[in-house]
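Notes follow once the structure below has been shown.
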Amino acid sequence: MLAVVLSAIRIRRGPAVVMAVLVALTAGGLAAAGWFAERDAARVTAALIAAAPPAQRTIVVRGTIALGADPQEALRRFRATTESTAGLALEDGVAGVQLPGFVATATGERFATELRYRDDGCAGLTLTGRCPAGAGEVALPAALAERLGTTVQHINGLGRQPLTLTVVGTFEQPGDYAITTLDTIAAAGVPAYATEDLLLPAAQFGRGDPAPVAAAVARLQRNSLEVSQNAEALNKSVAGERYAVTHGIVVAAVQLVAIGWIAIGVTAWYAAEGRRSDAARIALRGARRWRVLAATSGQSALPALIGAAVAGRTGLVVGAGALVLIVAADWRLTRAPVQRLLRSAPPRRAALAGAALDLTVIALAVAAGYQSAVTGEAPVDGFGLELLTPVLLATAGAVLLTRLLLPPAVAAGRAALARGRVTAGLTALFLARRTSAYRIVPVLAAAACVCGVAAQDWARADTARLHRAQAEIGADRVLEIAPVPPERLLSAVRAADPQGRRAMAVVVAHASGPGPRILAVDSARLRAVAAVDPGPSIERLHPPAPGPIAFTGTTLTLRAAGDGTVAVGLTLAVHGTGETVRADFGAIGDDGPYDSDVLACKDGCRVVALDLRGDPGAQLDLSELRADGKVVVDGAGFADPARWRTTVGGAATGLQRLRGDGRMRLATIAPARAAEVDQHLYVVDAPLPLPVLGTPGSLREPDQSGTAELALAGVTLPVRPSTVDWMPGVVLTDLEYADRLTTGLTRAKGARADERDQVWLAAGAPPDIVDRLTAAGLRITGGDSVAAGRDRLARLGPAAALRFHLLAAAVGLLLAGAALTVVAAVQRRQRRAEFEALRRQGVPARVLRAAGRWSALAPVVLALAIGLVAAAAARWLLRSPVRPFTDGWPVQEPAVSVPALLAALAAATICFTAAALGSRARR
């Protein structure tokens, strides 16, 4: 029997080779799915962890510590206890000590300042001077050091003697802390807080399992330690991305195997048609039915087993399915009478069996479509029929349409012959006689549909990645700037780009913390520079407002009169640098001029606020302010109630405005409630409430007056929000107005610690713009771009899964094309006999060639139309099982992508046309 099978395979090499290729491609695709899933999951995990800031891999532990006589040993014990309790592998651990308290100026002003010691000393700080090394040495923020001088007193608040500290260095990073040595903190002789940052290795997040970190946190908390960590968020992201990879690749693998089995089934059916004469000859010799089945099925089964063996273990599943389909195709030959097997014309298909199969396919397509529709936008956790929706939609459409078209094809062929249109008539009759369209079209349509769906999903995701990168980055390029005052940032950018079309100053608040990101932008430039069109509502960010009170000069003269013990001063902001300076006029008595030197204002300053210091009930009259003899504010300006306001930063005001005749009259008061007191009166040079634009959900609902509150630059401001659909989770405000409102206000602890200064560059910004910004006094510390952001998103889970979808779609086209070659090969002998008979009857050869060519291409054209329509319908009506992002980022791109469908159509047309015409050429 084996010799018979091998002899038959040698005679019919073409179908045998194609069967082996079909099984090998299907099984190889399934094997590749597993390999790609494992490889891409590892790559995605590595990329995600590499892009995560160290804070997302860090567990921060804090607890009380008594440093005693040996502070190093005390800190070492704290570290050892912390690390052993955590019980996790660590990449690094950095310990430190913190001592809360205040630093005081010679005039008695206090500033909340925490002394800090860390193992890594001054790492990450941009120091002027040197890092503290000895007892009593300290490094301060530059702005604070300028106000305090070189020697400061630190008060710990526990009744102990203040520490006298020498400032040996300053740093630009904003904050309310000072860097010192461990011995300095120990010298205070009071309990402090020990901290340790436990940096977890990347391997801890390899599988996205949060259980080990959660258990470590629970153990630390049971030891009465404060613990904070963001590792849970990173683990969740890793788990989501890994699921996107594996689930997306499984979807493509299931669809590929389905197309492969359909192609194998159709190929086996046509191969069985070509073996009817073999079955008849074996049956005439009296062989039993199982021998007939073995002799015929073996001609396809043996190549199928060889193809399955090439793919290894995954070939077992595909090979088993292929054997079932092959045996089912040849089973009917064993049950047919010999005389029917000897006929040259193929037997008619049983009407009942055909209808049952068609109804089954249609029912499966409906069930898959319903199951896919009811899942909505939630991730698909199961692996049901919804994974096969595109394949089943195309197959059902092909089955139904070809069933409906075959009878009209017969009628059209006869009518065409009657009218003398021989080519069209023969083409229609060839198709109707062989019913090849009915059997091969579902395979071709399913492959074309999967290709169209994969192309659309990729195009949609690629567009979504671009839009997200534009929204998250903000502009074509973004430069990170070393922290500077906002006014200095604005001035430098405007100097580097006077036209206002290529660069824009931006301060990002809440850059990494909870809550919405706040973008304070130079709103007049936003439309020209931003990568995403902000829309017409951007004009609301910069409504008309009173201009600043500005002057140029080095000596200020204030005409004032005081009643009681009262002193007055002015807070000024230096033009172009944003540096705040103070003009102190001292105690005010009789009506007269009082002078103050302000050398820093020789190039210009603006008045931020005036402040009073005095006993409750003391009064002050202000009638004029001059700079180098020129009037800056006259009596009417002081008396104008719309030009001055009290604090908005949450503190209680310590001033009361009284009616004054052509002047400002103020009185100091004691607030009724115990609270932080602000005795400043601020210039009104910005709208209040501050206009902001926020995406839905980014801000709290406004109250009845239409206002809400927003923490900006460490100050809680009243804002008037408007809704805009621009960047999810982002609030926009005007940087110039926000800076005017917050300059001089008491800021919350660590006000600018979570802020980033940036310069946004538009596409087409000149190459020398960076040099201009540097020349304007800005120091560039890093940067990002839309292209880089898009590339990062393309390395995550959904993109990796969709790349495999494209690969699987290409393999599906090859499977369908290979099946088409078998159909043509099996019918080649019969077609040659028909053509010879028609030639003897006088039909021209060119007519037969044209009819043969169109009869070969007609199933391809029909399948392409069905497949592409099914692909468009699948994405118009149903969700994609692979979302472009795993974190719920909204995607608003059109569901149907015409360019992607055209690209898929071109690829399928080339593949199928080559298979159809190539097979015909070999006849």
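Position 1 is the first residue of the sequence, and the numbers go up from there.
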Self-check item: Any side-chain donor near an acceptor of the partner, Thr886 and Glu241, under 3.5 Å
Solution: yes
Quiz item: Is it the case that Arg242 and Thr45 place a side-chain donor and acceptor less than 3.5 Å from each other?
Solution: yes
Provide the closest heavy-atom pair for [X] versus [Y] in the form atom of the first, atom of the second, distance.
X      : Y      : answer
Gly307 : Val23  : C-CG1, 4.0 Å
Val251 : His805 : CG1-CE1, 3.8 Å
Val453 : Ala874 : CG2-CB, 4.2 Å
Leu325 : Gly265 : CD1-N, 3.8 Å
Gly29  : Leu256 : CA-CD2, 3.6 Å
Pro442 : Val399 : CG-CG2, 4.0 Å

Taking the side chain as every heavy atom from C-beta outward, state whether [X] and [Y] have any pair of such atoms under 4.5 Å apart.
X      : Y      : value
Arg795 : Val44  : no
Val860 : Leu820 : yes
Thr395 : Leu364 : no
Leu864 : Leu905 : yes
Val391 : Ile262 : yes
Phe912 : Leu813 : yes
Pro390 : Cys449 : yes
Leu793 : Phe885 : yes

Quiz prompt | Val238 and Arg207: CA distance, side-chain angles, deciding distance, side chain to side chain contact (heavy atoms under 4.5 Å, CB included) verdict | solution = CA-CA 7 Å; Val238 169; Arg207 294 292 175 181; over 6 Å; no
Practice problem: Show your working on side chain to side chain contact (heavy atoms under 4.5 Å, CB included) between Phe36 and Val245 and close with a plain yes or no. | Solution: CA-CA 9 Å; Phe36 273 98; Val245 172; over 6 Å; no
Quiz item: Quick one: does Thr821's side chain have a donor or acceptor within less than 3.5 Å of a partner on Ala818's backbone?
Solution: yes
Quiz item: Where the side chain of Thr246 meets the backbone of Tyr243, is there a donor-acceptor pair that is under 3.5 Å apart?
Solution: yes
If you measure from [atom1] on [X] to [atom2] on [Y], what distance do you get to the nearest 0.5 Å?
X      : Y      : atom1 : atom2 : value
Gln299 : Ile326 : CD    : CD1   : 11.0 Å
Leu401 : Leu862 : CG    : CG    : 5.5 Å
Trp261 : Leu22  : CH2   : CG    : 14.0 Å
Ile362 : Leu400 : CD1   : CG    : 4.5 Å
Leu796 : Leu48  : CG    : CG    : 6.0 Å
Leu25  : Ile259 : CG    : CD1   : 12.0 Å

Quiz item: Taking everything shown except Arg313 itself, do over 12 heavy atoms lie less than 6.0 Å from its CZ?
Solution: no
Quiz prompt | Of Arg883, Arg875, Arg803, the residue whose pairing with Asp457 passes salt bridge (charged side-chain N to carboxylate O under 4.0 Å, His left out) | solution = Arg875
Quiz item: Is it the case that Arg460 places NZ or CZ above or below the six-membered ring of Trp876, under 6.0 angstrom from the centre and within 45 degrees of the axis?
Solution: no
